Amino acid sequence: VLLVAAALSCWLVSDDNVVVALDNGLALSPAMGWNTDYEAPAHTYNSSYIRKIAQAMVSTGLRDLGYQYVNLDATWAAHTRGAHGNLRPNHTRFPEGMKALGSYIHQLGLKFGIYTDRGTKMCVDGAPGSYGHEMQDAKTFASWGVDYLKEDSCSASQSHSVAFKEYGKMRDALNKTGRPIYFAICGWHTWYAPVGQTLGNSWRIAEDDGQSWDKILTNVDKAAGLAKYAGKGGWNDLCLLCTHEGTGISYEQSRTQFNLYAILAAPYLMTGDITRLSDFTLQTYKNWEVIAVHQDSLGKAGYRVDNGGNTQVRVYGRPLSGNRWGVVFFNNLPTSMNVTCDTTCMQKMFPQTSQLISIRDLWAHKEKGTTHSAQNLTAPVGPSGSSTFYLLS
């Protein structure tokens with residue numbers, strides 16, 4: 001049996017006093033894919049649209065770079081269960097049914113994701129949630145060929161103990177199906193992180209990032225101190241990747257979000273109509289060097305490595321395999337500036353001051369020379385949410 005994160009530091013106990021954990025062997029690195037949401041018009045996606053997105057993930061080369069999940073969020077379901085109590089799709093928008101749609105996605109070499117809620121109703125449109133139907137719904141999802149399940153927290157208790165118990169029920173139900181299904185917990189709070197590895201493959205630590213750069217940064221800030229809870233099998237989830245085309249944040253801000261998620265080891269879930277993305281955005285999502293950091297085999301999340309005193313100018317680092325570090329220099333001030341990782345910052349990553357360190361710019365795709373951790377490292381960074389990404393080795 002494959003266990004997620006073979007040695008979990010904490011475990012939950014079921015009602016039968018049996019030690020349990022998510023048992024699917026998935027998420028050895030953060031998930032990559034696409035998720036409905038932030039649509040225009042909102043929440044009216046249908047089978048044709050999902051098929052178009054899946055085709056685009058192949059034709060753009062995104063699939064071959066590791067983006068594998070095609071996930072349906074809220075509003076896919078009919079507003080009532082079927083005659084035998086099973087969830088069913090909105091047949092106006094999904095006339096062929098979910099099993100056929102999942103099969104089409106699989107034929108393209110992609111994986112199929114779907115959505116439910118641990119409460120009595122799903123978010124947005126109030127379709128039936130999975131409360132009291134965990135095993136039944138897990139079996140339904142498995143029969144449709146689902147590979148990824150997001151379970152939200154609308155119409156549900158926000159008590160810590162109740163939430164953990166209810167997520168545990170779906171975790172156990174998914175285990176019993178025998179089908180490996182990535183389980184994405186969406187509880188919107190940092191208090192999921194300490195127990196996240198016992199419940200799911202990722203756990204939302206904050207609210208939806210929506211269409212606001214400030215909200216994206218708020219979610220990044222909430223990840224502070226949570227890196228120790230992430231690792232192979234389970235990751236802190238900061239919500240979806242946002243684009244200039246879909247949400248109005250600047251191109252550089254969308255690239256910075258991409259950079260920071262690589263450092264923080266947060267899932268890469270695109271959203272919106274990827275057939276209409278600009279060349280800049282596609283180039284962002286297709287940067288194989290940044291993706292390599294995001295998917296690094298060491299399986300550790302990153303964190304701020306500067307002194308933490310300035311909220312507008314920051315340096316983030318992530319330990320990587322081969323004694324390397326990914327480092328993002330971030331500037332949220334309205335003017336360009338040089339951002340410095342001083343010697344204290346450098347020695348958090350490379351304690352041996354005599355070690356020669358090579359510098360590579362992951363967006364210029366060029367070597368930038370060498371340094372030592374006994375020296376400051378400074379990078380030029382553009383204004384208003386821009387960033388520079390170096391690989392140090």
Side-chain angles (χ1 to χ4, degrees), residues 2 4 22 24-37 39 45-73 76 89 93-115 138 140-150 174 177-184 200-202 232-235 237 240-241 243 246 258 261-262 265-277 279 281-297 299:
L2 291 175
V4 174
L22 186 63
N24 61 15
L26 301 177
L28 299 183
S29 57
M32 297 176 63
W34 176 91
N35 198 93
T36 62
D37 214 347
E39 307 294 342
Y45 61 87
N46 57 24
S47 177
S48 296
Y49 180 75
I50 299 301
R51 288 170 181 253
K52 180 181 76 168
I53 294 296
Q55 293 165 3
M57 288 179 67
V58 176
S59 63
T60 58
L62 289 165
R63 178 199 64 185
D64 295 339
L65 286 166
Y67 296 90
Q68 58 180 334
Y69 292 106
V70 179
N71 298 338
L72 279 61
D73 212 286
W76 64 267
R93 288 158 51 204
F94 299 95
E96 80 275 45
M98 288 302 173
K99 186 172 184 178
L101 179 59
S103 294
Y104 178 81
I105 290 170
H106 290 153
Q107 288 168 12
L108 294 176
L110 297 163
K111 296 183 178 181
F112 176 38
I114 208 163
Y115 167 99
T140 296
F141 298 142
S143 73
W144 290 345
V146 166
D147 304 295
Y148 179 113
L149 177 65
K150 172 183 174 180
L174 293 174
T177 68
R179 181 176 179 82
I181 299 176
Y182 181 113
F183 188 30
N201 297 118
S202 60
K232 294 181 179 181
W235 309 92
D237 181 356
L240 306 177
L241 292 171
T243 64
F258 190 75
Y261 278 28
Y268 271 174
L269 293 177
M270 305 174 292
T271 191
D273 188 348
I274 61 175
T275 68
R276 302 175 64 182
L277 295 180
D279 289 344
T281 300
L282 272 177
Q283 288 169 8
T284 295
Y285 290 165
K286 294 176 70 174
N287 186 323
W288 63 272
E289 293 197 77
V290 176
I291 290 172
V293 172
H294 183 259
Q295 295 288 295
D296 185 73
S297 61

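Please read these numbers as outputs of a predicted model, since none were measured by experiment.
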Does a donor on one side chain sit under 3.5 Å from an acceptor on the other, for T243 and Y285? no
If we only count heavy atoms from C-beta on, is the [X] to [Y] side-chain gap below 4.5 Å?
X    : Y    : value
L241 : T271 : no
F94  : W76  : yes
D273 : Y49  : yes
M32  : I291 : yes
L149 : I114 : yes
L174 : N24  : no
E96  : Y104 : no
L62  : L282 : yes

Does any N or O in the side chain of [X] come within less than 3.5 Å of the main-chain N or O of [Y], such that one atom is a donor and the other an acceptor?
X    : Y    : value
K52  : I274 : no
H294 : W288 : no
T36  : D73  : yes
N201 : A184 : no

For [X] against [Y], the heavy-atom pair lying closest together:
X    : Y    : value
V293 : A262 : CG1-O, 4.1 Å
T140 : S143 : O-OG, 2.7 Å
Y182 : A27  : CE1-CB, 3.7 Å
S202 : P267 : CB-CG, 4.3 Å

How many angstroms lie between [atom1] in [X] and [atom2] in [Y], if you round to the nearest 0.5 Å?
X    : Y    : atom1 : atom2 : result
W144 : R179 : CH2   : CZ    : 13.0 Å
N287 : F258 : CG    : CZ    : 6.5 Å
D237 : K150 : CG    : NZ    : 8.0 Å
L108 : Q68  : CG    : CD    : 13.5 Å
I105 : M57  : CD1   : CE    : 9.5 Å
Q295 : L28  : CD    : CG    : 10.0 Å

Quick one: do L26 and D147 satisfy side chain to side chain contact (heavy atoms under 4.5 Å, CB included)? Show the steps, please. CA-CA 10 Å; L26 301 177; D147 304 295; over 6 Å; no
Between F112 and the options N71, L72, V70, the side chain to side chain contact (heavy atoms under 4.5 Å, CB included) test singles out L72
Neighbour count >12 (heavy atoms, 6.0 Å) for atom NZ, K99: no
For the residue pair Y268 and Y261, categorise the inter-ring angle as parallel (less than 30°), tilted (30 to 60°) or perpendicular (more than 60°). parallel
